[in-house]
Amino acid sequence: MTESQKTAKLTVHGESYDLPVFSPTAGPDVIDIRKLYGQAGVFTYDPGFTSTASCDSTITFIDGDKGELLHRGYPIEQIASKSHFLELSYLLLYGELPSAKDLEKFETTITRHTMLHEQMQYFYRGFRRDAHPMAIMVGVVGAMSAFYHDSTDISDPRQREIASHRLIAKMPTIAAWAYKYHIGQPFVYPRNDLDYASNFLQMCFAVPAEDYEVNPILARAMDRIFMLQADHEQNASTSTVRLASSSGANPFACIAAGIACLWGPAHGGANQACLEMLEEIGSVDRIPEFIERAKDKDDPFRLMGFGHRVYKNFDPRATVMKQSADEVLDLLGIEDNPKLQVAKALEMQALEDPYFIEKKLFPNVDFYSGIVMEAMGFPTSMFTPIFALSRTVGWVSQWKEMIADPQNKIGRPRQLYLGATSRDYVDIENR
Ligand code: CMC
């Protein structure tokens, strides 16, 4: 970061302090408060980090008002229509689009790391069959630290590189096997003749008893889902990965922490929660009742798949995902699915409702991705694991960037303490 020329003046308890202001290549200026406590003896207060930049980064940029999402400067709409997931992965990891030769080498490397250590099968078998696939993923990815000792030394750039490739390559196998275990079918091994998305589909839907042919339109839709969820700058799970990693923890442990955070319904769990909500609504005539509940301050119910912390105009990923949803539904000829009918009517009614217009709440990527995955035959419990496998490259890229940053120090937020001040211990007989 270059020396700042601009400053912001802050007056605390009658004393003024000049704070450096940094200008990013895009987005709002940032006030540097790192020395504030040392100089003024005060903390800043920002639960939920609504106004706090936790790091500097060159990977992804979002302009929430414009509905813009850029990866290394390239708009997501162009990436989604012209590129594919492994090329995007290269871009996120290394900062530039690959040459044809570099891409081929990268694809070969990823393809040749897709198998899991055979012993990991026994790890799966320790779970109950009804375990949620996300529970299995948190456990299995964390367990990779016990299987791949030769890529846990974060001070060695080569080991970091191998860990990154392993995570991106093995995550589809890990997610597919979590699904197969959950439904009681045999694990299907990865195939090196298939592309990343087709390979994932065959590991999920093939069975040893018959041939499985991957439908190219479904593979393209799957690949798009991976691309649209690949990275989203400093969201909750990415920040979790960075925070876990700031202590020097190994990459597999850090990514397992990211998966755990992603699971929540306010983040990656929203696509599952959204489909469950559509099922609960059940029919188009019940939509107004649910819209009223979402607007009622005394009812905790929210329209899942609506709203976003950063996008306050539209979610550019949702626009691309909606197109994919139309293509897939058309291909599969399933427009009469009741959940999909409810989804379409809900989208229309909510977008016309003054509450949603005023609060700038519109369908986010999870609203449509759930519909596509439902149509493809995935159960709702697989939606968040698919999000986790897509986001792995984002987590890994942000993790690599952080480790290589000389400013990297352990993340240690402060607090506004509102508890009891110092008091003397009272013996139990006197309480
Ligand atoms: N349904 C009804 N009201 C809502 C909704 C919703 N889905 N989302 C926000 N609001 C209201 C909220 O009650 C609040 O009203 P008021 O100002 O009167 O208190 C206002 O809109 C602002 O909401 P907020 O909770 O302060 O906004 P946030 O930025 O903290 O929350 C969010 C963002 C995504 C957590 C939230 O919109 C939400 O819970 N949405 C449903 C879950 C969901 O779809 N999450 C997926 C996000 S996209 C995937 C990803 O990137 O992880």
Side-chain angles (χ1 to χ4, degrees), residues 46-52 59-65 67-71 76 134 225-241 258-278 280-281 287-322 343 346-347 349-373 380 383-395 398:
D46 186 17
F49 300 108
T50 49
S51 300
T52 297
I59 302 173
T60 292
F61 172 74
I62 301 172
D63 184 326
D65 292 325
E68 181 177 64
L69 168 60
L70 308 177
H71 292 311
I76 188 64
M134 278 300 273
I225 290 179
F226 294 162
M227 282 195 280
L228 294 176
Q229 296 180 332
D231 191 48
H232 218 219
E233 51 116 311
Q234 310 312 319
N235 56 86
S237 57
T238 301
S239 299
T240 301
V241 170
I259 296 174
C261 176
L262 186 78
W263 196 354
H267 192 7
N271 47 20
Q272 172 169 355
C274 173
L275 252 283
E276 285 166 359
M277 175 193 76
L278 295 176
E280 194 191 344
I281 297 175
I287 291 174
E289 176 196 327
F290 281 83
I291 288 191
E292 283 317 305
R293 281 188 59 195
K295 288 158 46 172
D296 181 355
K297 283 275 149 265
D298 298 326
D299 188 332
F301 174 78
R302 282 185 169 201
L303 279 194
M304 300 314 286
F306 276 76
H308 199 274
R309 167 60 63 82
V310 181
Y311 296 120
K312 298 297 175 197
N313 186 352
F314 67 95
D315 179 343
R317 303 166 303 168
T319 315
V320 181
M321 192 64 84
K322 187 172 167 26
L346 176 65
E347 177 195 13
Q349 292 183 32
L351 286 176
E352 283 169 3
D353 190 291
Y355 172 94
F356 289 88
I357 296 171
E358 191 190 304
K359 294 194 186 298
K360 300 185 173 179
L361 300 168
F362 46 82
N364 57 48
V365 67
D366 285 334
F367 186 74
Y368 300 108
S369 67
I371 293 170
V372 179
M373 289 186 283
T380 49
F383 293 1
T384 320
I386 290 171
F387 194 160
L389 101 74
S390 321
R391 183 55 58 86
T392 296
V393 66
W395 291 329
Q398 303 266 353

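Just the heavy atoms: all of them, side chains too, but no hydrogens, waters or symmetry mates, feed the values below. Remember, it's 1-based here, ligands and their atoms both numbered in the order they're listed.
Shortest contact from atom 52 (O) of ligand 1 to any protein heavy atom: His267 ND1, 2.6 Å. Protein heavy atom in closest approach to atom 7 (N) of ligand 1: Leu303 O, 2.7 Å. The protein heavy-atom contact nearest to atom 46 (C) of ligand 1 is Ala270 CB, 3.4 Å. Among protein heavy atoms, atom 28 (P) of ligand 1 sits closest to Arg309 NE, 3.6 Å. Nearest to atom 47 (C) of ligand 1 among the protein's heavy atoms is Asn364 ND2, 3.6 Å. When hydrogens are left out, the protein atom nearest atom 3 (N) of ligand 1 is Tyr355 OH, 3.0 Å; that is the closest non-hydrogen contact. At the top of the distance list for atom 51 (O) of ligand 1, counting protein heavy atoms only, stands His308 NE2, 3.3 Å. Looking at atom 18 (O) of ligand 1, its nearest protein heavy atom turns out to be Lys359 NZ, 2.9 Å.
Checking atom 22 (C) of ligand 1 against the protein gives no heavy-atom contact under 4.0 Å. Distance check for atom 26 (O) of ligand 1: every protein heavy atom is found at 4.0 Å or beyond.
Each of the atoms 7 (N), 37 (O), 40 (N), 41 (C), 44 (O) of ligand 1 lies under 4.0 Å from some heavy atom of Phe306.
Remark: the backbone N or O of Val365 is paired with a side-chain donor or acceptor of Asp315 at under 3.5 angstrom. Judged purely by atom type and a 3.5 angstrom limit, Thr238 has no side-chain atom pairing as donor or acceptor with the backbone of Gln234. Looking only at distances, no side-chain donor or acceptor of Thr50 sits under 3.5 Å from a matching main-chain atom of Asp46. In terms of modelled atom types and a separation under 3.5 Å, the side chain of Asp366 and the main chain of Gly305 share no donor-acceptor contact.
Closest heavy-atom approach to atom 15 (O) of ligand 1 among the candidates Arg302, Arg317, Met277, Lys297: Lys297.
Put simply, part of Asp366 is less than 4.0 Å from ligand 1, judged by heavy atoms.
Among the atoms of Gly305, some N or O lies under 3.5 angstrom from an N or O of ligand 1. For the pair Met304 and ligand 1, the shortest N or O to N or O distance does not fall below 3.5 Å. Residue Leu361 has no nitrogen or oxygen atom sitting less than 3.5 Å from a nitrogen or oxygen atom of ligand 1, judged on distance alone.
By the side-chain hydrogen bond (donor to acceptor under 3.5 Å, both in side chains) test, Ser237 pairs with Asn235, His267, Trp395, sequence neighbours left out.
No part of Asp315 comes within 4.0 Å of ligand 1, judged by heavy-atom distances. At a heavy-atom cutoff of 4.0 Å, ligand 1 is contacted by no atom of Phe367, backbone or side chain.
The shortest non-hydrogen separation linking Asn364 to Ala318 is C-CB, 3.8 Å. Across every non-hydrogen atom of Ile76 and Pro316, the tightest pair is CG2-CB, 4.0 Å. In this structure, Leu228 and Arg317 approach most closely via the heavy-atom pair O-CD, 3.2 Å.
For the atom pair CD of Gln349 and CD1 of Ile291, the computed distance is 5.0 Å after rounding to the nearest 0.5 Å.
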N/O donor-acceptor pairs under 3.5 Å from side chains in residues 353-360, not counting sequence neighbours:
| residue | atom | partner | partner atom | Å |
| --- | --- | --- | --- | --- |
| Asp353 | OD1 | Lys295 | NZ | 3.2 |
| Asp353 | OD1 | Tyr355 | N | 2.9 |
| Asp353 | OD2 | Lys295 | NZ | 2.9 |

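Considering Phe367, Phe362, Tyr368 as possible partners of Phe306, the one that fulfils the ring-ring contact (aromatic ring centres under 6.0 Å, His included) test is Phe367.
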